[in-house]
Every structure is written in C-alpha cells, then in structure tokens.
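Once you've had a glance at the structure underneath, I'll fire off some questions.
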Amino acid sequence: MSEISTRYNPAETEEKWYRHWESSGYFKSVPDDREPFTIVIPPPNVTGVLHMGHLLNNTIQDILIRKARMDGKNACWVPGTDHASIATEAKVVRWLREEFKLRKADISREEFMQYAYQWKDKYGGIILQQLRRLGASCDWDRTAFTMDPQYYQDCVRMFVDLYEKGKLYRGLRMVNWDPEALTVLSNEEVIYSEENAQLFHLHYRLEGGEEGVVIATQRPETIFADVAVAVNPKDERFAHLVGKKVLIPLINRAIPVIADDYVDIEFGTGALKITPAHDPNDYEIGQRHQLPVIDILTDNGYLNEACGFEPLIGKERFEARKAIKPLLEAAGVLVKIQDYQTKIGRSERTNCVVEPKLSLQWFVKMTDLGAPALRAVMEGEIKFFPANFQNLYRNWMDNLRDWCISRQLWWGQRIPAWYLKAEANNKETAIFVAQSAEEALEKAKKATGNPQLTLEDLRQDEDVLDTWASSWLWPISVFNGFAEPEGEINYYYPTNVLVTGWDIIFFWVARMIMAGYEYKGERPFQSVYFTGMVRDKNRRKMSKSLGNSPDSLALLDTYGADGVRFGLMSSAAAGGDLIFDAPFGADGTILNESALCELGRNFCNKMWNALRLVKGWKTIEKAESEEILRKNELAVRWMTEKFQQTLAQVEADFQSYRLSEALKSLHALIWDDFCSWYLEMIKPGFEQPIDRGTYTATLHLYGNLLRALHPFMPFITEELWHQLENRPAGEDICAQSYPAQIPADQALIQQVESIKEVITKIREIRNQNQIKPKDPLEVCIQSSSSARQLFELTGAREMMEKMAVLSSLEFVETEPSNAKSFISGTDQYYVILNKQIDVEAERAKLTEELTYQQGFAASVEKKLSNEKFVSGAPAQVVENERKKLADANARIAILEESLRKL
RNA sequence: GGGCGCAUAGCUCAGCUGGUUCAGAGCAUCUGCCUUACAAGCAGAGGGUCGGAGGUUCGAAUCCUUCUGCGCCCA
C-alpha cells in the first residue's frame, strides 16, 4: 500500500484519460436508432481564452451530456467558436498596428481579411484546447465556426430570404455610433455607467421679444442641431409659450415651442431642447411632431458645416463643449451650470463615448419574428430553468424594436446587397439583394431594363452582419440545416438543452428561438438552463478588465479539473450568481486560490484514500465469525439501499436541472455514508482479512458510486474505476451505463438510522467524559418492545458494538448505577461509566429535557384537540401528529422515571 | 419613470406543491483526537423570532397586503 501516494494527483491522470477518451471516439456522434441528446455549445469568441464563466457553463454542459451518454442516449455536444466581429476586428487592427505598422485604412478589404484569417489561425481555437482540460466531452469532429464557408453561406441565404419576405429593410434610424471605431454598436456593446457631468441652463429668447425659456442640457455643443423646445402639456409655467418661437443662442435660428408628454416637469427647468439628430428620445419626439433633422456631427465626432456657427466648425465634440462655454457666457445666455450625475454610454471596445447617430442601416422587423418566439416560452414549449426568467423574456419581447444587423466592419459576413455605382453612397434607390453578385446583376438588369449592365456597374454593400445575426442560426447551421434540411438535422434538431448565461437572453437566446421558428418551424431547444454570473467577493462580475478573475488554467493546475468542477457546481444553483471565493493578495491582485475548489480537491483525496483502504485489504473466503458476517451483511444491505435512495434523488434533480443539489447529495453519500459509516462498519481489524463476499460487494458499491458521480467529476472516477478492478479494454467508466434505479427499502434505512443515532449518542458521551475512542464501553438498553424490535434486525447489535466500540450490550429491566443515560427514539440507553455520576448535573439535564418534551407534547395535543385540524388536514398528517404525541409521551415517562430514581 | 428579483446561522446559500426529511448544508467557531485510508483527516458540540408589521388558513420560512433595506433589467 505504501507505493500508492496518500494524495490524488490529478495532473498525472487527467491528460492521460482525456487522450484515451478522445482517441477511443467516445465523444463522437452519428445518427443511429438511439434517442439523440443534443447540446450546441454557446460558441466562445474565436480568439478568446477560457474564463470563469466558460468553466461554469461548460462544466454544466459536460455533466448533462455525460449523463445522457451514460443513460444510453446518442449524446452529441457540438463545439465551435464565434467570429465575434467587432471584438476580433479590434484585436486584428491592434495586431496590424503593432506587428506590421499598418493601419486599417492603409490596406484593402481583401488584404485585411487575409490578415484576419491569419490571426484567427494563429490564436483562434486556443479556447477549444482549454475546454479539453476541463474534460469537456465535445464531438470535436463537429467543431463549427461562424465564418466557415458553409456557415457564411447560411447567413447570406438567411439575409436574402428575410429580404424577400419583407422582414428585412434598409432604413435611416437612430443607432449607437462609436466615433472612434467608426461603426454602429449593438446595445450590448455599450456600457453605461454613472459619470459626473454638467447641466447647462441656457436662455432661449422668444422671437421678437425679451422673454423666453430656460432649457437644461448636458450637451450645449448640440444646440445648433436643435429644431424645437419641448415642454410638458400639463406644465402651466410654459403653457403660454407653446406655439410661439424661440431663438437658438449664438445663431438666432428660430425654432418652435412644442408640447409633448415625454418632458419631465421636474427635471432641469422643465423645458427640453429637441435635437433629433443627436438624441434618440429627441428623435422620436421629432418624428411625432414632423420636425426636421439637422446632423451637425461628422462620423468621427467633429462639428460640421451644418451647425452654421463658424467658430466651432471642425472642432471635436468635447472640444466644442469647452469652447462654447465662454461664448455662451459672453452672449449672456448661460444662466447657470449645475453638476450632476448621469449615465454615460461608452463603447465596450474603444471606451469612447457613444454618439447617438442617425444612420442608414439594415434592420430586421421584429414583430412577426417575435410572436411565435414569445408564445413558445409562455406556453412552456420551451422551458426555462429557473422558470422566472420567463418574466425577463416577456418583458423584452413585449417591447421589441427592430434589430439593426449591419456593422461597419470588415470581419464578418458581408451584406449581400448590391447597388448601382451610378448612385451616390447612402442615397441608393435601387437595391439588389441576392446570393451572389451574378444573381444581383441579373436582378439589376431586370429592374433597370438595361441588359448592358455588368458586374462593374454594381457595388456591394460595405457592411457586415452583426455577430448575433450569424450566431442566431447556430443550432440550425451547425447541422447544415439550410443546405440539407432533410439531413442529420432531422435527427439532432430540436436540441435538448441550451446552457448559457442570462445576460445574453435577448441577444442570443431570444433570437435563436425566433430563427428556430422562422427557419425550422420548430423550437431550437426544449429547455434553456440559465447559469448565473461568476462574481468576486465584492459581487462584481468577474472580467478581464477589472482584473478580478482568477486564471482559470492556474486553477485547473492547482485543484485539478475535477476539483474545479466540484467547486463551481457545489454552489451554483441554476440562475443564481456564483460568488467565487478567489481572494485578493496584499497588492490587490487576484490569487489563483479558492476554498470552493479546495473542497473539490479534498473530495478527490477522500475517494482516493477510500481506494487505498479497500485495495489494501486481504480477502478470505468466509468471515471469521457469524457476528462479523451478520454485521457486514447488514452494512452491505444498508449501503445498497442508501445508494438507491440517493440515486432516486439525483435522478429527480437531473430532471429539474438541480445539478448542485445532485452533486451535494452524491458528495454526502460518498463522504458520509460510504466513507465515514459504511467503510468503518466493514473495516476489518488491523492486518485482518475481509470475507470475499463483503469485499466483492464493496467493490461493486464503490463502482456504482463512481458511475453515479462520473458526469460531475469525470477524471477521478475514471481513474478509480480502473484502479478498483482490472477492466477489459473498452470498459471505461465514461462508456458505462448510469446505475439503474430500484426503489429503496426505506424501512431498512430508517432502522439503520436509528442504530446510527444511538452510536452517535454513545460517542457524544465518550467525548463529554474524556473516554478514549478505543476504550470499550458497556451499554445497557432499557428493555422495551420497540428496543427489542430494533435489535431483531440481523446484524444491528454487531454493528453497534463495532461502531460504538462496546464490550457489552445488554437489555436491562432496571437502571444500572454509575451510568449516563440518553434517549434515542422512545428508548433509553445507559452507558456504564467507571466513576461517580454528578447527580445534580444529571438531574438538571433530565429536567431540561423533560420540560422541552412536555411543552412539545402540549403543543401537539393542542393541535390534535382542534376539531378543524383533525377533520381538515390529510389523514397522513394527523397520523403523524398522533405518533409524535405518543413518542413524546413515551419519552416523558422515561424521563420522569429516571428523575424519580436519581 | 416602467418592470423583475432578493432578504433564512458570523459568511455563502439550499429549502420544490403550505403540513416531521422544517428550520437545513458547506465554510467559520468551540471541544477532543497525529485512531491502523485520508490532519487536505477523524469523533462530537454550540449557533437562527426565516428583514419588520398585518392578513388568509386547522396549520405559514413557504400564499396575500404593506413597510424597510438591497440588487438587476429596460427607459
């Protein structure tokens, strides 16, 4: 035994087993006659690295897929990566600058794409290697990428299809504009945070008079784009001004005063300048009142000619804000400046303040797409875990706005729309949306009636698709469902469950549901398991930029994949955030440590040492005595039933995706029931052998535990599975079936629980009286029918004698002297002590217990004497109460008797 | 401003359909053990008015109302 280390070494085993599993083809899936169980991975960014969120998310998927595999299903977990248009493009741009001293503007689109693919080939897919370290049992042959030629083609096909169905249009809309990256941003890419800002109070003079109105604005440089001043129609202060005109300071352009409910009477001065080109709300108000739009900013955020105020033309927006202040003061219109806090949106990538901008973009009409997607979730066709995410989902689906899917980037699927070169940029009237340039040309020839047109006369839209507008096709496209709708997608689709963070419920989950119904007429997945966010001790979301996230690979090194998986899962209820406990060092940097993962590592050690114990036993054919045999047989019976009891719980937990609960049940079963109780029950004396029957049964039980745990902790279970017994080739645990469920014998479990309770109470008395664990004790049992019944269970007496270390265990009619007593159930036990009992202390203890029992009995009696309870409550509940009362009364009788004798 | 959620032991959280598997787990704390698999361990213990108040019910941590204190999403 000395040759086996007392510590489990994950580094040695994990790589070995992963390689073995992969080369054995266990993770591969091809359609067959088994029931499929499909998961598509939420594709991580192709150039991303494994972070804590990935660890959690992919551990959950792996647990589900391994369980399904062991359940005999055709388990298929499709891995892949997302091209992550804006994030990757930003990285490529930086790489070009740093490695090649190139700016994006210096090279052609084609050259840029070549570099981008180079970058992708070099750094892409690292994360997929890292997922292997975690144990992820993906079918790697199916690895997909959202920019694969086939996937690209599906996006084009989708675009053309939506356009032809009238569900896609090109239009001028308010969008989030990043003036530095020069692209539209999705809402998700805009990070809002509280910042200090200033509220300028400006006086707008009434046309032809001195009176006027004071408005409050945070952006005085945009006054040149004002087209109105709005007040609330209920605001009496300004009622007389509505319909009149006021003059914009500095340029004295006249604009109307209008009334609109949007204006908050309480905020600022109650009067709001309306600047449709530079504020989304103002734009909507402008639309309502048919006001013009004056755009005074260039794409990179400089004031343009349209502002009509010479001194500021060509100034950057924030420069202009500084510059305008003295000018306003000089003009006598600056009433005051007020500091205040407001939410400012910045670009996730460039940290540049996002500019609302009116821009010509492609939009998907959401109303038609949203209806079936909302219905599916509300009617439970797609189930959410936890269910209350339905509310969040509905809230968003009820307020759908058209989806801007064009991005001014190169890295992505280029929008398949062509325009006539003869028409000016962004002024196109003729749009040809087609699968290819050639098709577009045909359409153009027809539409224009000009057969002389050539490809040279056409210009393709410069923009690419929003990343989500490709990833919403993921569950369909990874099975080539567009090109081969009758192919294997018919087998794998709809997928079984999607596992993802709730933060992308709108961006991805909702849209996949829409795409599913649009293109397959069917839900893309049966269930969605929402994971929580992994947060640090201060409840901040772990992120690279905050530097509060441990290095996930370092964690895997320190605790092993199983240790990390356990640490994450043991406290990650579905939807609940996970407060990860990695502490910070003195210098404020995150330490790659975790008490949670330590628990997982300790658990591995525990199982490892259980193996060392069991494998160290010598066996003999027959137990040395009948007593040992009876004890061991009871232990095996009990452990078998206990296993079944927990297994039923685990299966139920899997049904409702309560994976943390399932893991905790298995942890308790293995650590407490199996190691602390069962192994101690059957453990032979020092250097003593164990009977073969018990030994074989123990190996079998141990194997069952390993199989039940395997989905959660795949590596150590595989290692122990093979250490436990010599297995023929191919008998790997990951290809075993999950243990079969058989109803557990609850009565037997209850009887052994009673025995364990007595053992624990004897140990407690040992502790209190400083008796060494190995000193044998004499214990007497007050004779009663219930006590005799308990010990009629074969092996019960022997089990108690061993576990409590007793020299004798006898029934008595009268209380022995010099004994400490305790009550278990309704029976009294006496532990004989070779010393004088402190009578007063004993009396006090008994009296306290008696008082409690009497109070308890009284409360139960009161309940039972309530006619409404007896007639109203279910019979089982009433019966339970009667039993409680009877037991309490029995205990009271024992206590009173004991007190009398003292 | 609109919506959603949370409050249970010192900490982090379970607690599913209202009822003895209802007041739980892990960590932390305390006591005793280097016991022959494991000190990354073993045997025990203490600790809570389930945020406050009211209501429904035979019965409430659980359902309803309200207050307080915190999150989050959307505008």
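Proteins get letters first, then strands, A, B, ... in listed order; numbering begins at 1 in each. All values below come from the heavy atoms of this structure, side chains included, with hydrogens, waters and symmetry mates left out.
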Checklist line | Salt-bridge present (A:Asp745, A:Lys642; N to O < 4.0 Å) | finding: no
Next item on the list: For A:Ser676, report the nucleic acid contact type (base, sugar-phosphate, nothing); a contact means any heavy atom under 4.0 Å.
Entry: sugar-phosphate
Check: Does a nitrogen or oxygen in the side chain of A:Arg763 sit under 4.0 Å from OP1 or OP2 of B:rA45?
Finding: no
Item checked: Side chain of A:Glu680 (C-beta onward), nearest among B:rG41, B:rA40, B:rA37 -> B:rA37
Check: In whole Å, what is the span from the CG atom of A:Asn866 to the P atom of B:rG19?
Finding: 18 Å
Next item on the list: Indicate whether any N or O donor in one side chain lies under 3.5 Å from an N or O acceptor in the other, for A:Glu719 and A:Gln723.
Entry: yes
Next item on the list: Would you kindly say whether A:Thr13 and A:Tyr8 are connected by a side-chain donor-acceptor distance under 3.5 Å?
Entry: yes
Next item on the list: Sticking with atom P, work out how far B:rC63 lies from B:rC72, rounded to a whole angstrom.
Entry: 24 Å
Item checked: Nearest-nucleotide comparison on RNA chain B, the residue closer to the 5′ end among A:Leu392 and A:Lys761 -> A:Lys761
Note to self: Taking only the P atom of each, what is the distance from B:rU31 to B:rC73 in whole angstrom?
What the structure shows: 46 Å
Check: Is any side-chain nitrogen or oxygen of A:Lys683 closer than 4.0 Å to OP1 or OP2 of B:rA37?
Finding: yes
Next item on the list: Once you apply the 3.5 Å cut-off to both distances, tell me the Watson-Crick or G-U wobble partner of B:rC4, or none.
Entry: B:rG71
Checklist line | Side-chain H-bond candidate by donor/acceptor type, A:Gln853 with A:Glu849, under 3.5 Å | finding: yes
Checklist line | Between B:rU17 and B:rC74 - C1' atom distance, rounded Å | finding: 33 Å
Note to self: Applying the Watson-Crick and G-U wobble criteria at under 3.5 Å, what pairs with B:rC30? Answer none if nothing qualifies.
What the structure shows: B:rG44
Note to self: Return the CD to CG distance between A:Glu355 and A:Asp279, rounded to the nearest 0.5 Å.
What the structure shows: 9.5 Å
Notebook entry, point to check: Within the pair A:Trp671 and B:rC42, is there a side-chain N or O less than 4.0 Å away from OP1 or OP2?
Noted result: yes
Next item on the list: Verify the contact: side-chain N or O of A:Arg766 to OP1 or OP2 of B:rG44, cut-off strictly under 4.0 Å; return yes or no.
Entry: no
Notebook entry, point to check: According to a strict under-4.0 Å criterion, is A:Asn391 in side-chain N/O contact with OP1 or OP2 of B:rG5?
Noted result: yes
Notebook entry, point to check: For B:rA43, does OP1 or OP2 lie under 4.0 Å from any side-chain N or O of A:Thr760?
Noted result: no
Item checked: Side-chain N or O of A:Asn399 closer than 4.0 Å to phosphate OP1/OP2 of B:rA75 -> no
Next item on the list: Say whether A:Glu284 and A:Asn281, considering side chains only, have a donor N or O and an acceptor N or O under 3.5 Å apart.
Entry: no
Next item on the list: For A:Phe856, report the nucleic acid contact type (base, sugar-phosphate, nothing); a contact means any heavy atom under 4.0 Å.
Entry: base
Next item on the list: Any chance you could list the contact pattern along nucleotides 10-17 of chain B? Use B for base contacts, S for sugar-phosphate-only contacts and - for none, protein heavy atoms under 4.0 Å, 5' to 3'.
Entry: --SSSSB-
Item checked: Who pairs with B:rU56 - Watson-Crick or G-U, where each distance is under 3.5 Å -> none
Notebook entry, point to check: Do A:Thr500 and A:Tyr529 have side-chain N/O donor and acceptor atoms under 3.5 Å apart?
Noted result: no
Item checked: Separation of the C1' atoms in B:rG46 and B:rC27, to the nearest angstrom -> 16 Å
Margin query: Less than 4.0 angstrom between a side-chain N/O of A:Lys606 and OP1 or OP2 of B:rC42, yes or no?
Written below: yes
Note to self: Categorize A:Ala873 for me: base, sugar-phosphate, or nothing, with a 4.0 angstrom heavy-atom threshold over every strand shown.
What the structure shows: base
Notebook entry, point to check: Do A:Asn602 and A:Glu598 meet the criterion of a side-chain donor-acceptor pair at a distance under 3.5 Å?
Noted result: no
Checklist line | 5' priority, RNA chain B, between A:Asn281 and A:Trp617 [closest heavy atom] | finding: A:Trp617
Check: Among B:rG26, B:rU35, B:rA37, which nucleotide sits nearest the side chain of A:Leu679?
Finding: B:rA37
